[in-house]
Protein chains: 2
Amino acid sequence: MSKRPLYEEIKETLIARLASDQWRPGELLPSELKLAETFEVSQGTVRRALDELVSQGLLARHQGRGTAVTKHTPFGFFHLFRDDGARELPESKTLRISVNAASRSERDALELGPAKKVIRITRVRYLNLEPKIFETIALPKELFSPIAKLDARDLPNTVYNFYEREFGIPVVGKRERLRACSASQMESRYLAVDVGTSLLEIECLAYSHRRQPIELRISRCLTDEHYYCNPTD
Amino acid sequence: MSKRPLYEEIKETLIARLASDQWRPGELLPSELKLAETFEVSQGTVRRALDELVSQGLLARHQGRGTAVTKHTPFGFFHLFRDDGARELPESKTLRISVNAASRSERDALELGPAKKVIRITRVRYLNLEPKIFETIALPKELFSPIAKLDARDLPNTVYNFYEREFGIPVVGKRERLRACSASQMESRYLAVDVGTSLLEIECLAYSHRRQPIELRISRCLTDEHYYCNPTD
DNA sequence: CAGTGGTCTAGACCACGGA
DNA sequence: CCGTGGTCTAGACCACTGG
């Protein structure tokens, strides 16, 4: 006997099935009527559950066609805009892939036990062919160990899709924290600016279903010609 | 004859009435049943309109009591957190209130014609008693001219509430753009740091109903002990 | 064309708040 | 206690998609 609304339970069940890959991204779910039958509720109730999952970005509805699992990892997930408001897709050049002991902050963010290891990826990202972002990515080694053996050239530049395609781990959410910082020696070299130049630091923690943390990414951005805009609309 | 959904029209009507101050912040709207009668639709339809206004933050519902107009201008509108995750309320010290010709960027953001004037307010904001933010606020003079005559000491530090209370102009939304920048001489003096120190610049455009721009605010923040976190959750 | 989601109705019962 | 919003049902008709 639970006192929770039916649509909450249905939502949870659907999320669990999504997490267990019962339906693949792009695939169509059963129709509302079908779902209503199987859950033994009315169409309106299942509709409410679906609506909330849509607003969470997990599903997408198409009138006349059906309800589909979103291929996650939108871009639209990339929040740097040119000063004139245009958006540009970044190119990436991976510098290095290595395995290290997780730092304190990485353990905290990724919820790793002590002595756990992370795969660390460093890369430079280009906007309009100019180096603008110096990026460090930390991944739990237990989840992604095959990546450690990859050649830097073979890492695709849209890694979220890669995680989903190769490991079945979709990124469904993120949390970002922003600060100002100063360019280190290495950053200054790769971004072709003076040491100490002001950079925008974006610390982004990506997580999958059940809010399991997947990736900690620290991007340090030159914002001389770009700005960060959050998705508040 | 419009082909738009009924709840959209109802939503628009309600927004118009809110904009015209038919109901004051904190006041209770008529019940769903009453509204359904007056609009000659079913309760479910009016409910959907209300739900969307709630998710836009214009209304708040309370089971057993009714649906109320939100007093806008939350805090929760303030996005700087201490590194340990705690949130602090900023104190303010207003330095100067003046009237100037609007700059190019102010005219663009506030949608002002040429030769229009703005009221410009500069202030320092303190977190935990330490100066952390240097802030410049630009307001269209036509909307807020009484402010120009105010003594700097008389400006409250939660100005959004002030706009709503004194001018009947509620802030219902904002758009933020972030960059890294370097402390100018004046900023370095008030924030007690070296010239050139990296600061986080938050450019915030606040608007009222019908997306009318109200205020352009540029906050330059020391992020040595704080971070910015956007409301993506 | 059949099947889907999108809108809308008119009821029902419950949980909560305030008088 | 009554009136409120919160949930849920079982229908209806429409608009769109695809074969």
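Values below: every heavy atom of this structure, side chains too, minus hydrogens, waters and symmetry copies. The sequence lines fix the lettering, A, B, ..., with proteins before strands; numbering per chain opens at 1. What you are looking at is a predicted structure, and each value in this text was computed from that prediction instead of being measured.
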- prompt: A:T13 side chain to A:E9 main-chain N or O, any donor-acceptor pair under 3.5 Å?
  reply: yes

message: Using a heavy-atom cut-off of 4.0 Å across all strands, would you classify B:R47 as base, sugar-phosphate, or nothing?
response: base

query: A:L6 near the nucleic acid: base, sugar-phosphate alone, or nothing, with a heavy-atom cut-off under 4.0 Å?
result: sugar-phosphate

First encountered from the 5' end of DNA chain D, between B:G64 and B:R61: B:G64

message: Nearest heavy atom decides the nucleotide; on that basis, is B:P30 or A:E8 closer to the 5' end of DNA chain D?
response: B:P30

- prompt: Any side-chain donor-acceptor pair under 3.5 Å between A:E201 and B:Y227?
  reply: no

query: Where do A:T94 and A:A152 come nearest, in terms of heavy atoms and distance?
result: CB-O, 3.5 Å

task: Walking along DNA chain C from 5' to 3', note the first and the last nucleotide with an atom under 4.0 Å from a heavy atom of chain B, and give both.
output: C:dT7 to C:dG18

Spacing between A:Q63 atom CD and D:dC16 atom C1', to the nearest angstrom: 5 Å

- prompt: Looking just at side-chain N and O atoms, do A:D108 and A:S105 make a donor-acceptor pair shorter than 3.5 Å?
  reply: no

- line: Closest heavy-atom pair, A:R65 versus A:L28, reported as atoms and distance to 0.1 Å, is O-CD2, 3.6 Å

- prompt: Closer to the 5' end of DNA chain C via nearest nucleotide, is it A:R65 or B:P5?
  reply: A:R65

message: Can you give me the closest heavy-atom contact between A:E176 and B:N230, atom names plus distance?
response: OE1-ND2, 3.4 Å

- prompt: Expressed in angstrom and rounded to an integer, what is the separation of A:E32 atom CD from D:dC14 atom C1'?
  reply: 14 Å

